[in-house]
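Predicted, not measured: the structure shown is a model, and the values here were computed from it.
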Amino acid sequence: MDIALVKAELRAAVRDLSDRGLMHAAQWASELLAASIPTSTVRTFSRAETDADAAEEDLFLLVKSCLDLREYKRASLLAKNAVGPKLTFIRLYAVYMSGEQQKEDRQMEIGGALERAAVHKPELPKLKRDLELLHTSGQLDAFGLYLYGIILQALDNKSDARAALVASVSAFPCHWSAWRALEMLCSDRDQLM
């Protein structure tokens with residue numbers, strides 16, 4: 001049995017299943033991939049990768065499948081030792097989304113509109129500190145800057161949120177969510193400059 005071939009087939013299966021919205025099947029395939037035996041050199045998607053690159057890609061597929069299934073805590077735990085920008089973003093985004101999910105659950109339990117609006121989000125200050133460290137050291141890509149911006153916005157730090165979101169859309173202009181978040185912070189065009 002050629003392990004490299006099996007891994008390549010599993011990677012392709014995860015992408016095909018995920019593309020079609022078959023999230024549970026994609027997660028199953030990604031768990032098989034993450035649990036498979038490492039090989040010295042794996043040939044995938046027409047480029048040679050080292051074990052570390054392949055392991056990071058396999059972990060990404062598993063974490064992404066958890067994110068797709070709204071298993072945010074599991075996604076963040078699986079990616080806790082991530083070093084690459086994509087997995088770092090997904091880990092921090094999963095923490096943020098887990099907090100949003102908990103907030104929605106708490107809001108459903110609370111009766112009045114005023115009480116629902118005042119639901120506390122305890123994960124935000126820690127996320128802000130983590131993202132601030134990455135930002136200060138220049139380790140945030142456009143997506144990390146977007147997340148930093150929405151965290152700052154949620155903490156009512158509008159000027160810094162605006163700066164992070166402008167940097168995000170400058171680095172990746174096709175990120176519609178960043179543009180929408182920026183729109184919420186700007187009352188006129190001059191604030192974008």
Side-chain angles (χ1 to χ4, degrees), residues 15 18-19 21 23 26 56-57 59-108 110 113-193:
R15 292 196 193 293
S18 182
D19 288 349
M23 300 308 170
E56 176 127 343
E57 177 65 15
L59 178 60
F60 167 75
L61 292 172
L62 178 57
V63 170
K64 175 69 169 73
S65 70
C66 291
L67 193 69
D68 290 341
L69 290 169
R70 296 177 162 212
E71 294 178 3
Y72 301 121
K73 286 184 179 180
R74 184 171 182 220
S76 67
L77 287 172
L78 286 168
K80 71 180 176 187
N81 297 322
V83 292
K86 192 163 41 169
L87 273 172
T88 298
F89 169 81
I90 289 178
R91 176 179 55 83
L92 295 170
Y93 186 67
V95 170
Y96 171 73
M97 291 305 296
S98 176
E100 289 294 301
Q101 195 174 49
Q102 289 172 10
K103 178 186 87 170
E104 287 177 16
D105 291 345
R106 287 189 301 264
Q107 285 177 331
M108 296 300 263
I110 298 173
L114 288 175
E115 292 87 3
R116 280 196 297 264
V119 171
H120 181 64
K121 302 176 205 168
E123 74 286 349
L124 292 180
K126 182 176 180 345
L127 279 171
K128 178 188 177 266
R129 284 190 304 275
D130 291 348
L131 286 160
E132 198 167 50
L133 286 171
L134 292 168
H135 181 61
T136 303
S137 62
Q139 295 180 47
L140 289 182
D141 63 2
F143 304 100
L145 288 165
Y146 161 71
L147 182 59
Y148 188 38
I150 62 173
I151 298 298
L152 291 168
Q153 181 181 15
L155 292 169
D156 212 28
N157 185 343
K158 293 182 184 197
S159 64
D160 288 344
R162 197 170 18 259
L165 290 166
V166 166
S168 175
V169 297
S170 295
F172 193 83
C174 293
H175 188 187
W176 183 247
S177 298
W179 283 107
R180 296 287 298 169
L182 187 56
E183 175 188 31
M184 302 294 282
L185 291 169
C186 296
S187 57
D188 62 43
R189 186 180 188 149
D190 293 334
Q191 289 182 316
L192 288 173
M193 304 306 169

Checklist entry - Who passes salt bridge (Lys or Arg N to Asp or Glu O under 4.0 Å) against Lys64, sequence neighbours left out? => result Asp68

Checklist entry - Can you name the nearest heavy-atom pair linking Leu165 to Gly149, along with the distance? => result CG-CA, 4.0 Å

Checklist entry - Nearest heavy-atom pair of Cys66 and Arg74: which atoms, and what distance? => result SG-NH1, 3.7 Å

Checklist entry - Rounded to the nearest 0.5 Å, what separation is found between the CD atom of Glu104 and the CZ atom of Arg106? => result 10.5 Å

Checklist outcome for this item: Heavy atoms of Leu185 and Arg162 approach each other most closely as O-NH1, 2.6 Å

Checklist entry - Counting distance only, does the side-chain N/O of Trp179 pair as donor-acceptor with the main-chain N or O of Pro173 below 3.5 Å? => result yes

Checklist entry - How long is the span from the CD atom in Glu123 to the CG atom in Asp130, to the nearest 0.5 Å? => result 12.0 Å

Next on the checklist: Do Pro125 and Leu127 have side chains that approach each other closer than 4.5 Å (heavy atoms only, starting at C-beta)?
Outcome noted: no

Donor-acceptor pairs under 3.5 angstrom involving side-chain atoms of residues 133-148: please list them, not counting sequence neighbours.
{"residue": "Thr136", "atom": "OG1", "partner": "Glu132", "partner atom": "O", "Å": "2.8"}
{"residue": "Ser137", "atom": "OG", "partner": "Leu133", "partner atom": "O", "Å": "3.0"}
{"residue": "Ser137", "atom": "OG", "partner": "Leu134", "partner atom": "O", "Å": "3.2"}
{"residue": "Ser137", "atom": "OG", "partner": "Gln139", "partner atom": "NE2", "Å": "2.8"}
{"residue": "Asp141", "atom": "OD1", "partner": "Phe143", "partner atom": "N", "Å": "3.1"}
{"residue": "Asp141", "atom": "OD1", "partner": "Gly144", "partner atom": "N", "Å": "2.8"}

Next on the checklist: Restricting to non-hydrogen atoms, name the atom on His175 and the atom on Ser168 that form the minimum distance, rounded to 0.1 Å.
Outcome noted: ND1-OG, 4.2 Å

Checklist outcome for this item: In short, Ser18 meets Met23 closest at the heavy-atom pair O-CE, 3.6 Å

Item to check | Euclidean distance, Leu152 CG relative to Asp160 CG, rounded to 0.5 Å | outcome: 6.0 Å

Next on the checklist: Is there a side-chain contact between Gln102 and Lys73 in this structure, where contact means two heavy atoms from C-beta onward sitting under 4.5 Å apart?
Outcome noted: yes

Using distance only, find each side-chain donor-acceptor pair of residues 89-100 under 3.5 Å and give its atom names and separation, not counting sequence neighbours.
{"residue": "Glu100", "atom": "OE1", "partner": "Lys103", "partner atom": "NZ", "Å": "3.3"}

Checklist entry - Got a second to check how far Leu155's CG is from Ile150's CD1, nearest 0.5 Å? => result 11.0 Å

Checklist entry - In Å, rounded to the nearest 0.5 Å, how long is the span from NZ of Lys80 to OG1 of Thr88? => result 14.5 Å

Item to check | Between CG on residue Asn81 and CG on residue Leu87, distance to nearest 0.5 Å | outcome: 10.5 Å

